[in-house]
Amino acid sequence: MTPIGNIFCTTIGRKFLMAVTGAVLILFVVAHLIGNLQIFEDPDKINGYAHFLRSLGPILWAERIGLLLCAVIHIWAATVLTLENWRARGKSHAKTWIQATLASRYMRWTGYVVLAFVLYHLAQFTIGAAQPATFQANLRHYTMTGDYRMFGFTAVRAGTDVLDVRSMVILGFQNTAVAVFYIVAIGLLSLHLLHGAESMFQTLGWRNRRWARGLRAVVTLACAAYFLGNLAIPGAVIAGILTPRPPPIAHLGN
């Protein structure tokens, strides 16, 4: 069997695929959060950031396709491994269930719920199929008041007409049902990451008895910080801390 065949056709290989694709997806969700937290700064920040990403064109689409491929492989490997575990269940299953953590018990199911959330999230903020009235393309454009800089370079210049992503996000989360769904889904994603990150380190051989306790503490704190960071955005909208750009003032003629 070829090396590629071993990766896709053996249990160890599929676990390795889950670990590698999981690492890529973890890096993405962390970077995604860091970008989104710019919503608490001047509107130039997140609107300029979003405009810069769209300006990447083919590079952005290559990233999206790569992430989609990682997600498909990750879900496929998880599903196959789950089916293998079900077939291999025996007398030890009851003992394993008792010893397993909450995160590990519901690892696969939280993954499927998170998948549903990601699809809705894309429909809401990327495609505009959900909540079309507040989609960025249907809102007033925003004019940059200053330069948006990344790594010391000017990415978007002042005066550029850009989409108002900040208002789109805030208006979207003013729908309480959407905000609550987002918070619950992010909670499940954080739970998924809690066990997934530990499993990733285990599969890649980066976890041992000596470092297990400290690694678990670091992963737990990181997942808690990730959840709180994501919670801050809809939470601030619901609390009225984040508000959309006010509508233009109509000028009455004499």
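Under a 3.5 Å cut-off, the side chain of N47 and the backbone N or O of D164 do not form any donor-acceptor pair. No donor-acceptor distance shorter than 3.5 angstrom exists from the side chain of E198 to the backbone of H195, with no hydrogens or angles considered. Checking side-chain atoms of R245 against main-chain N and O of R140 turns up a donor-acceptor pair under 3.5 Å. The backbone N or O of P132 sits less than 3.5 Å from a side-chain atom of N138, completing a donor-acceptor pair. Panel note: side chain T10, backbone G13; a donor-acceptor pair is recorded below 3.5 Å. Here the side chain of D44 pairs a donor or acceptor atom with the backbone of G146 at under 3.5 angstrom. Judged by distance alone, with hydrogens and angles left aside, the side-chain atoms of H74 form a donor-acceptor pair with the main-chain N or O of M18 at under 3.5 Å.
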Apply side-chain contact (heavy atoms from CB on, under 4.5 Å) to T145 and D42, showing your working. CA-CA 10 Å; T145 60; D42 186 271; 4.3 Å; yes

Test side-chain contact (heavy atoms from CB on, under 4.5 Å) on Y120 and V178; report intermediate values, then the result. CA-CA 10 Å; Y120 180 84; V178 172; 3.6 Å; yes

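Contacts of Y49 classified as side-chain hydrogen bond (donor to acceptor under 3.5 Å, both in side chains), with partners at least two apart in sequence or in another chain: none. For F28, the ring-ring contact (aromatic ring centres under 6.0 Å, His included) criterion is met by H32, not counting sequence neighbours.
Residues I186 and L231 form no side-chain contact, since every pair of their non-hydrogen atoms from C-beta on lies 4.5 Å or further apart. Within the 4.5 Å cutoff, the side chain of V219 has heavy atoms near those of the F201 side chain. Within the 4.5 Å cutoff, the side chain of R54 has heavy atoms near those of the L163 side chain. Side-chain contact between I73 and V20 is absent, with no heavy atoms from C-beta onward closer than 4.5 Å.
Other residues, nucleotides and ligands contribute over 12 non-hydrogen atoms within 6.0 Å of the CZ atom of F181. Heavy-atom contacts from other residues, nucleotides or ligands closer than 6.0 Å to CZ of R64 number more than 12.
Residues I39 and I238 do not share a hydrophobic cluster, defined by chaining ILVMFWY side chains whose heavy atoms lie under 4.5 Å apart. With hydrophobic clusters built from ILVMFWY side chains whose heavy atoms lie under 4.5 angstrom apart, V237 shares a cluster with I46. L139 and V156 fall into different hydrophobic clusters, where Ile, Leu, Val, Met, Phe, Trp and Tyr residues are linked whenever their side-chain heavy atoms come under 4.5 Å apart, directly or through other members. At a threshold of 4.5 Å between side-chain heavy atoms, the hydrophobic network of Ile, Leu, Val, Met, Phe, Trp and Tyr places Y142 and F40 in two separate groups. Cluster annotation: F227 is connected to V118 through the hydrophobic network of ILVMFWY side chains, with a link wherever side-chain heavy atoms come within less than 4.5 Å.
Heavy atoms only, all atoms of each residue included: F52 and A155 are closest at CD1-CB, 3.6 Å. Across all non-hydrogen atoms, the minimal contact from G128 to F135 is CA-CD1, 3.4 Å. Contact record, Y226 with S190: CD2-OG, 3.6 Å, taken as the closest heavy-atom pair. Between A50 and V165 the shortest heavy-atom distance is CB-CG2, 3.4 Å.
Residue L221 holds its CG atom at 13.0 Å from CZ of R216, rounded to the nearest 0.5 Å. Here NE2 of H192 is found 8.5 Å from CG of L25. Values are rounded to the nearest 0.5 Å. To the nearest 0.5 angstrom, M200 atom CE is 15.5 Å from K15 atom NZ. Rounding to the nearest 0.5 angstrom, the gap separating the CD1 atom in I65 from the CG atom in L60 is 10.0 Å. To the nearest 0.5 Å, atom OG1 of residue T220 and atom CG of residue L193 are 11.5 Å apart.
For the residue pair N230 and Y182, a side-chain donor N or O sits within less than 3.5 Å of a side-chain acceptor on the partner.
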